[in-house]
Amino acid sequence: MPMEKGRIIKAVSGFYTVDLGGKTVTVKARGKLRREEKTPLVGDEVTLEGGMLGEILPRRNWFVRPAVANLDLLVLLASEVIPVTEPFLIDRITAIAGNQGVPVLIVVNKTDLSGEGTLAGIYRRAGYDVISTSAVTGEGVEALREKITGKVVALSGNSGVGKSSLLNRLCPSLQLPTGEVSEKLGRGRHTTRHIALYRLPGETYVADTPGFSSFDTDKMEHILKENLQYAFPDFAPFLGKCQFHDCAHRKEPGCAVTAALERGEIEPTRYESYCRLYDIASAHKPWEEK
């Protein structure tokens, strides 16, 4: 049987559904991947050998949460109505994506309930691409479609922000289940249990990922504290201009980043998130993960 190449679009309990560009097959992985401790991820480009998943081809990027690989774009959904998205949650995910060199599109959803609010302005000023959308009215849906066409994309965000609803608006034939948001708890129910890549027109693959809360951020990958500054694009104009070359941008004299903050050129919430992430990175001990 000749070797075939495809992309994993679903992974559940050791079974992998692979898109071969016109048909899909569900297979198990060869034992050598388990022995080599290589876990296939949704989005992986793989080979099929003898009716089994043989090799994982080199990844361009990969994420712990959401557990996906080879993204062209991470679409981060946020909301300014229940459930309200904390800026720190946005900042941690954008930093992780920036550390891997993956572009981020921030989508402020549910504008039929909240208007555009303040989040859109914060992240536009920070240098991110931002779209305001409503899965109810269709606002911004065509703009989102244009941004994702031809790409491998993951929709990420906290539970209840409307990832599945927005996907259904983009492609009604998907008919993904959606859930109600609890006003008492201020968060949505998890309607997406497993990550799956959906193939949309225009060679577009979109992953609807399980939602999470700020309490789940400790499960996300860590960034070295010395690399963190480069994951904040709004810091870029000021890097290399500090009095000390190893400036951590905290309390050091002559810091160009904190000076920019005082001038209003960096958003306070962004700098607060940087400090929180720096403290997390400083406390992280890589050998504890072994």
Side-chain angles (χ1 to χ4, degrees), residues 9-13 41-43 63-68 71 73-97 102 104-120 122-123 128 130-137 139-141 144 148 153-172 174-198 206-221 269 273 276-277 280:
I9 59 172
K10 191 173 183 179
V12 180
S13 302
L41 297 176
V42 168
F63 295 82
V64 172
R65 186 175 180 90
V68 292
L71 292 183
L73 179 69
L74 181 66
V75 178
L76 177 52
L77 264 68
S79 170
E80 296 205 59
V81 294
I82 296 176
V84 176
T85 305
E86 296 179 52
F88 177 69
L89 185 59
I90 300 174
D91 296 334
R92 181 153 199 182
I93 297 171
T94 55
I96 290 169
V102 176
V104 176
L105 171 64
I106 294 175
V107 174
V108 181
N109 196 31
K110 302 189 178 184
T111 53
D112 55 295
L113 298 176
S114 67
E116 190 168 78
T118 60
L119 285 176
I122 288 173
Y123 290 97
Y128 290 98
V130 180
I131 295 176
S132 296
T133 62
S134 168
V136 174
T137 67
E139 178 191 352
V141 171
L144 175 59
I148 68 174
V153 175
L155 268 61
S156 184
N158 50 307
S159 300
V161 293
K163 297 183 296 297
S164 297
S165 297
L166 204 53
L167 259 179
N168 284 338
R169 188 82 191 206
L170 282 166
C171 188
L174 291 176
Q175 297 185 337
L176 300 175
T178 59
E180 298 297 323
V181 174
S182 167
E183 292 188 16
K184 181 178 180 181
L185 297 176
R187 62 173 182 265
R189 296 183 179 90
H190 298 284
T191 56
T192 303
R193 302 296 179 182
H194 303 284
I195 296 175
L197 273 180
Y198 300 100
V206 180
D208 182 19
T209 67
F212 49 82
S213 71
S214 58
F215 297 105
D216 295 314
T217 55
D218 60 344
K219 300 174 185 175
M220 296 177 182
E221 51 259 58
T269 58
S273 292
R276 285 179 66 181
L277 290 171
I280 291 169

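Computed from heavy atoms alone, side chains included, the values below leave out hydrogens, waters and symmetry copies.
With a 4.5 Å cut-off on side-chain heavy atoms, E80 and T118 count as touching. Under the 4.5 Å side-chain criterion, counting only non-hydrogen atoms from C-beta, L277 is in contact with F88. Residues V107 and L76 fail the side-chain proximity criterion, which asks for heavy atoms closer than 4.5 Å. Using a 4.5 Å heavy-atom threshold, the side chains of V206 and L167 count as touching. No side-chain heavy atom of L71 sits under 4.5 Å from any side-chain heavy atom of V153. A 4.5 Å side-chain heavy-atom check between L144 and L105 finds at least one atom pair inside the cut-off. By the 4.5 Å heavy-atom criterion applied to side chains, L41 and V68 are not counted as neighbours.
Between the side chains of D112 and T137, not a single donor N or O lies within less than 3.5 Å of an accepting N or O. Under 3.5 Å, the side chains of T111 and E139 contain a donor-acceptor pair of N or O atoms.
Note that CG of L113 is 7.0 Å distant from OG of S134, once rounded to the nearest 0.5 Å. The structure places CG of L166 at 4.5 Å from OG1 of T133, a figure rounded to the nearest 0.5 Å. L119 CG to S132 OG: the interatomic distance, rounded to the nearest 0.5 Å, is 9.5 Å. Remark: I122 CD1 to T269 OG1 distance equals 4.0 Å, nearest 0.5 Å. In this structure, CG in D91 is found 11.0 Å from CD1 in I96, a value given to the nearest 0.5 Å.
Here the shortest heavy-atom pairing between L155 and L77 reads CG-CD1, 4.2 Å. G160 and K110 make their closest contact through O-NZ, 2.6 Å (heavy atoms, listed as atom of the first residue, atom of the second, distance). Here the closest heavy-atom approach between residue K10 and residue A196 is recorded as CG-CB, 4.4 Å.
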Practice task
Assess whether side chain to side chain contact (heavy atoms under 4.5 Å, CB included) is satisfied between S156 and V75, documenting all intermediate values.
Solution key: CA-CA 6 Å; S156 184; V75 178; over 6 Å; no
Practice task
Step by step, work out the side chain to side chain contact (heavy atoms under 4.5 Å, CB included) result for V108 and I131.
Solution key: CA-CA 6 Å; V108 181; I131 295 176; over 6 Å; no
Practice task
Starting from the C-alpha separation in whole Å, work towards a yes-or-no answer on side chain to side chain contact (heavy atoms under 4.5 Å, CB included) for V104 and V102.
Solution key: CA-CA 6 Å; V104 176; V102 176; 5.7 Å; no
Exercise for the section: For side chain to side chain contact (heavy atoms under 4.5 Å, CB included), just list the numbers for I9 and Y198, CA-CA rounded to whole Å, side-chain angles, deciding distance to a tenth of an Å, and then say yes or no. Expected result: CA-CA 7 Å; I9 59 172; Y198 300 100; over 6 Å; no
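Using a distance-only test at 3.5 Å, with no hydrogens or angles considered, a donor-acceptor pair links the side chain of N109 to the main chain of V161. Judged by distance alone, the side chain of T85 and the main-chain N or O of S79 form a donor-acceptor pair under 3.5 Å. Between the side chain of R169 and the main chain of V136, a donor-acceptor pair closer than 3.5 Å is present.
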